[in-house]
Amino acid sequence: MKKLKVYYDDWCPNCTKFMKFINKIDVLSLIVFKKLRSSSPSDGIDLKEAEKKMASTINGDMYYYGYKSIYEIFKRVPLFWFFIPILFILKFTKAGDFLYNELALKRKIIPIHCDEHCEI
């Protein structure tokens, strides 16, 4: 399985906690996390979309946002393989996208690294 590069919002406490948790249980080391706001992704990630939803890519070929990124993360962590059929059903029915969007809209962003021109 190919490595997944995930861009997470480092100003979002929930995103940071999720990243740390996945990092601990990623025994196959198939996931690489990059901070979205403190780095400048140059591999074609849509920054506007990535600020709203978690973004990921496989070798710069395929790009995923939101629930599809979560699905790709869970596919690479053996601890979650038991849940793949349920996650696939949520992906197929688009219910996963709906649930992800509901959670993403309610997340809190703390602009601790923001200067006087902060747009948040």
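What's counted below: heavy atoms across the whole structure, side chains too, no hydrogens, waters or symmetry copies.
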Asker: Looking at every heavy atom in both M54 and F18, which two are closest together, and how far apart are they?
Answerer: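 That would be CE-CD2, 3.8 Å.
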
Asker: Please determine whether side chain to side chain contact (heavy atoms under 4.5 Å, CB included) holds for the pair N59 and K2, giving the CA-CA distance in whole Å, both sets of side-chain angles, and the decisive distance to 0.1 Å.
Answerer: CA-CA 8 Å; N59 294 334; K2 295 181 180 181; 3.4 Å; yes

Asker: What heavy-atom pair brings L30 and M1 nearest, and what distance separates the two atoms?
Answerer: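 Nearest heavy atoms, L30 then M1: CD2-O, 3.5 Å.
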
Asker: Kindly compute the distance separating NZ (K91) from CD1 (I84), expressed to the nearest 0.5 Å.
Answerer: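 Between K91 NZ and I84 CD1, I get 9.5 Å after rounding to 0.5 Å.
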
Asker: Take N101 and K53, measure what side chain to side chain contact (heavy atoms under 4.5 Å, CB included) needs, and give me the verdict at the end.
Answerer: CA-CA 8 Å; N101 289 335; K53 300 177 181 180; 3.1 Å; yes

Asker: Going only through I, L, V, M, F, W and Y residues with side-chain contacts under 4.5 Å, is there a path from I58 to F33?
Answerer: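 Same cluster.
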
Asker: Which atoms form the tightest heavy-atom contact between Y67 and L87, and what is the distance?
Answerer: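 For Y67 versus L87, the nearest heavy atoms are OH-O, 2.8 Å.
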
Asker: Could you tell me if the side chain of S56 sits less than 4.5 Å from the side chain of I73, heavy atoms only?
Answerer: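 I73 vs S56: side chains apart.
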
Asker: Which atom names give the shortest non-hydrogen contact between S69 and L4, and what distance separates them?
Answerer: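 So the two residues come closest at O-CD2, 4.4 Å.
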
Asker: According to a hydrophobic-cluster definition based on side-chain heavy atoms being under 4.5 Å apart (Ile, Leu, Val, Met, Phe, Trp, Tyr only), do F82 and F88 belong together?
Answerer: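 Yes.
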
Asker: Does Y63 reach the main-chain N or O of D46 with its side chain, forming a donor-acceptor pair under 3.5 Å?
Answerer: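 Checking the backbone N and O of D46 against the side chain of Y63, no donor-acceptor pair under 3.5 Å is found.
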
Asker: Going through the checks in order, is the side chain to side chain contact (heavy atoms under 4.5 Å, CB included) test met by L90 and F98?
Answerer: CA-CA 9 Å; L90 290 173; F98 174 77; over 6 Å; no

Asker: If you measure from CG on L79 to CD1 on I22, what distance do you get to the nearest 0.5 Å?
Answerer: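 Spacing of CG (L79) from CD1 (I22) equals 8.5 Å.
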
Asker: List the steps, then state whether ring-ring contact (aromatic ring centres under 6.0 Å, His included) holds for F80 with F74.
Answerer: CA-CA 6 Å; F80 296 129; F74 278 41; 4.2 Å; yes

Asker: Please name the pair of heavy atoms, one in D9 and one in T16, separated by the smallest distance, quoted to 0.1 Å.
Answerer: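 Result for this residue pair: O-OG1, 4.0 Å.
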
Asker: Can you pull the salt bridge (charged side-chain N to carboxylate O under 4.0 Å, His left out) pairs that have at least one residue in residues 64-76, sequence neighbours excluded?
Answerer: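 Pairs touching residues 64-76 that pass the test: E72-K75, E72-R76.
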
Asker: Would you say the side chain of I70 lies within less than 4.5 Å of the side chain of Y64, judging by non-hydrogen atoms?
Answerer: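 Y64 does not reach I70 side chain to side chain.
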
Asker: Nearest heavy-atom pair of L36 and D10: which atoms, and what distance?
Answerer: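 Heavy atoms of L36 and D10 come nearest at N-OD1, 3.8 Å.
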
Asker: Linking I/L/V/M/F/W/Y whenever any side-chain heavy atoms sit under 4.5 Å apart, do Y7 and V32 land together?
Answerer: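 Unlinked, Y7 and V32 end up in two clusters.
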
Asker: Can you list every salt bridge (charged side-chain N to carboxylate O under 4.0 Å, His left out) pair that touches residues 11-23, not counting sequence neighbours?
Answerer: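 Listed once each, the pairs would be none.
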
